[in-house]
Undergrad: 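If you scroll down you'll find the structure; I have some questions about it.
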Amino acid sequence: MFYRSISNFTPLRNNSFVKSNSLWVSLIGILIIGASSFLINETSFFPGSLAAIPCIGTVLILISSNNRINSILANKSFVFLGEVSYSVYLWHWPIMAFIRYYYGINDFNTIQIFLVISLTILLSLLSYFLIERTFRNATGAKFYLPFAYISFTIVALINYIPWMNKKLIKLPIEYIAPTIGLESHGKTFKSVETYGDTSYTGKKYY
């Protein structure tokens with residue numbers, strides 16, 4: 001929301017320097033976003049102040065207009081990628097997690113990488129066209145009835161997940177049931193349990 005609020009600031013968009021140097025402003029924005037892909041890695045303390053780097057780069061692109069870079073980014077293909085990107089974001093992680101849990105692995109082989117990419121693209125397109133666009137344009141009963149049906153289906157599936165796992169999928173129990181934190185909960189309290197990296201060893205605090 002940071003970059004969005006700034007990009008909507010009219011005086012910044014209408015600034016004479018920005019207008020006269022629109023191409024350079026966009027180019028600097030792209031370079032900043034590119035630099036963030038090298039500056040932010042698995043050892044970075046993120047989100048944090050580092051998150052401002054790609055946001056600033058995005059702001060610079062959004063406030064500059066009428067230049068070759070923005071014309072390229074306004075191409076229908078790029079616009080479509082932007083529209084479907086949220087569906088990709090929603091689907092890629094659960095697909096990766098499921099494959100890791102199912103096979104008990106961390107790194108993917110070539111076939112599994114292809115499977116992750118294929119399933120992500122397929123499910124993202126299906127959810128974008130069948131769900132996202134449908135609900136975006138629906139009003140009244142056309143919105144609430146499908147929403148109620150989908151909600152009921154999700155609740156039903158949640159109740160059947162243990163049975164489905166036992167009969168079909170057979171994931172380890174710790175991935176589908178609350179097996180962590182039991183010793184620090186309610187009547188079964190024994191001690192306060194902690195999980196994950198609580199020391200932040202090797203992390204960058206900026």
Side-chain angles (χ1 to χ4, degrees), residues 1-8 13 22-23 25-42 44 46-47 50-103 106-155 157-158 161 169:
M1 302 308 290
F2 168 75
Y3 72 84
R4 191 173 179 181
S5 62
I6 293 182
S7 63
N8 286 331
R13 281 178 171 243
S22 177
L23 179 61
V25 173
S26 291
L27 182 59
I28 292 172
I30 289 177
L31 291 175
I32 290 175
I33 293 174
S36 68
S37 64
F38 295 98
L39 294 174
I40 302 173
N41 53 45
E42 66 275 5
S44 302
F46 191 89
L50 281 177
I53 297 177
C55 289
I56 292 172
T58 305
V59 169
L60 294 178
I61 295 173
L62 292 176
I63 64 173
S64 57
S65 58
N66 300 323
N67 62 65
R68 186 171 181 79
I69 292 177
N70 283 56
S71 297
I72 294 173
L73 295 177
N75 181 275
K76 289 184 178 180
S77 298
F78 284 110
V79 173
F80 176 74
L81 288 176
E83 290 180 345
V84 78
S85 63
Y86 188 65
S87 292
V88 173
Y89 166 74
L90 291 178
W91 278 110
H92 85 283
W93 189 253
I95 292 172
M96 292 171 63
F98 179 85
I99 292 176
R100 283 193 173 111
Y101 294 163
Y102 187 83
Y103 292 102
N106 184 55
D107 297 323
F108 300 124
N109 58 37
T110 303
I111 296 177
Q112 290 163 343
I113 292 173
F114 177 78
L115 182 62
V116 169
I117 294 174
S118 301
L119 286 175
T120 299
I121 293 174
L122 175 63
L123 294 175
S124 297
L125 291 174
L126 287 174
S127 63
Y128 173 72
F129 285 108
L130 300 180
I131 300 176
E132 187 175 339
R133 290 186 62 175
T134 299
F135 279 99
R136 184 187 301 170
N137 301 321
T139 58
K142 290 184 178 180
F143 175 85
Y144 291 107
L145 288 178
F147 181 80
Y149 174 77
I150 292 174
S151 300
F152 175 80
T153 303
I154 291 174
V155 172
L157 286 174
I158 291 174
I161 282 177
I169 306 173

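Throughout, numbering of the chain's residues begins at 1 and tracks the sequence.
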Undergrad: If I compare all heavy atoms of V84 with all of S124, which pair ends up nearest, and what's the gap?
TA: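 Heavy atoms only, the tightest pair is CG2-O, 4.2 Å.
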Undergrad: Just to verify, what does F80 make a ring pair (Phe, Tyr, Trp, His ring centres under 6.0 Å) with, not counting sequence neighbours?
TA: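 Partners of F80 by the ring pair (Phe, Tyr, Trp, His ring centres under 6.0 Å) criterion, ordered by chain and then number, come out as Y128.
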Undergrad: Is it the case that the side chain of S118 and the backbone of L115 share a donor-acceptor pair, with hydrogens and angles ignored and the cut-off at 3.5 Å?
TA: no
Undergrad: Taking S26's backbone N and O only, do any of them form a donor-acceptor pair with N70's side chain (distance below 3.5 Å, no angle check)?
TA: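 A pair under 3.5 Å: no.
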Undergrad: Just by modelled atom types, is the R100 backbone N or O under 3.5 Å from a matching donor or acceptor in the N106 side chain?
TA: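 Not a single qualifying donor-acceptor pair exists.
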Undergrad: For the pair H92 and Y89, name the ring-plane relationship: parallel under 30°, tilted 30 to 60°, perpendicular over 60°.
TA: tilted
Undergrad: Mind checking the CD1-CD1 spacing from I53 to I33? Nearest 0.5 Å is all I need.
TA: 11.5 Å
Undergrad: Closest heavy-atom contact between L60 and V25?
TA: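 The answer is O-CG1, 3.3 Å.
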Undergrad: Would you say I72 has more than 12 foreign heavy atoms packed within less than 6.0 Å of its CD1?
TA: yes
Undergrad: Could you grab the distance from atom CD1 of I121 to atom OG of S87, nearest 0.5 Å is fine?
TA: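 Going from the CD1 atom of I121 to the OG atom of S87 covers 12.5 Å.
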Undergrad: Only counting residues at least two apart or in another chain, list the ones meeting side chain to side chain donor-acceptor pair (under 3.5 Å) with S22.
TA: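 Applying side chain to side chain donor-acceptor pair (under 3.5 Å) to S22 gives N67.
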Undergrad: Tell me the salt bridge (Lys or Arg N to Asp or Glu O under 4.0 Å) pairs involving residues 118-131, sequence neighbours left out?
TA: none
Undergrad: Return the CD1 to CG distance between I131 and L123, rounded to the nearest 0.5 Å.
TA: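 Interatomic distance, I131 CD1 to L123 CG, rounded to 0.5 Å: 10.0 Å.
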Undergrad: Considering non-hydrogen atoms only, spot the tightest contact between E132 and E83 and give its length.
TA: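 It is OE2-O, 3.9 Å.
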Undergrad: Would you say that I40 contacts P54 through its side chain, given a criterion of any heavy-atom pair below 4.5 Å between the two side chains?
TA: yes
Undergrad: Under the side chain to side chain contact (heavy atoms under 4.5 Å, CB included) criterion, do L27 and I69 qualify, and how do the steps go?
TA: CA-CA 7 Å; L27 182 59; I69 292 177; 4.0 Å; yes
Undergrad: For the atom pair OG (S36) and CG (L31), what is the distance rounded to the nearest 0.5 Å?
TA: 11.0 Å
Undergrad: Between atom CG of L125 and atom OG1 of T120, what is the distance when rounded to the nearest 0.5 Å?
TA: 10.5 Å
Undergrad: For the OH atom of Y86 and the CH2 atom of W91, what is their distance to the nearest 0.5 Å?
TA: 13.0 Å
Undergrad: Can you name the nearest heavy-atom pair linking F78 to L73, along with the distance?
TA: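 So the minimum-distance heavy-atom pair works out to CB-O, 3.5 Å.
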Undergrad: Closest heavy-atom contact between L23 and R68?
TA: CD1-N, 4.4 Å
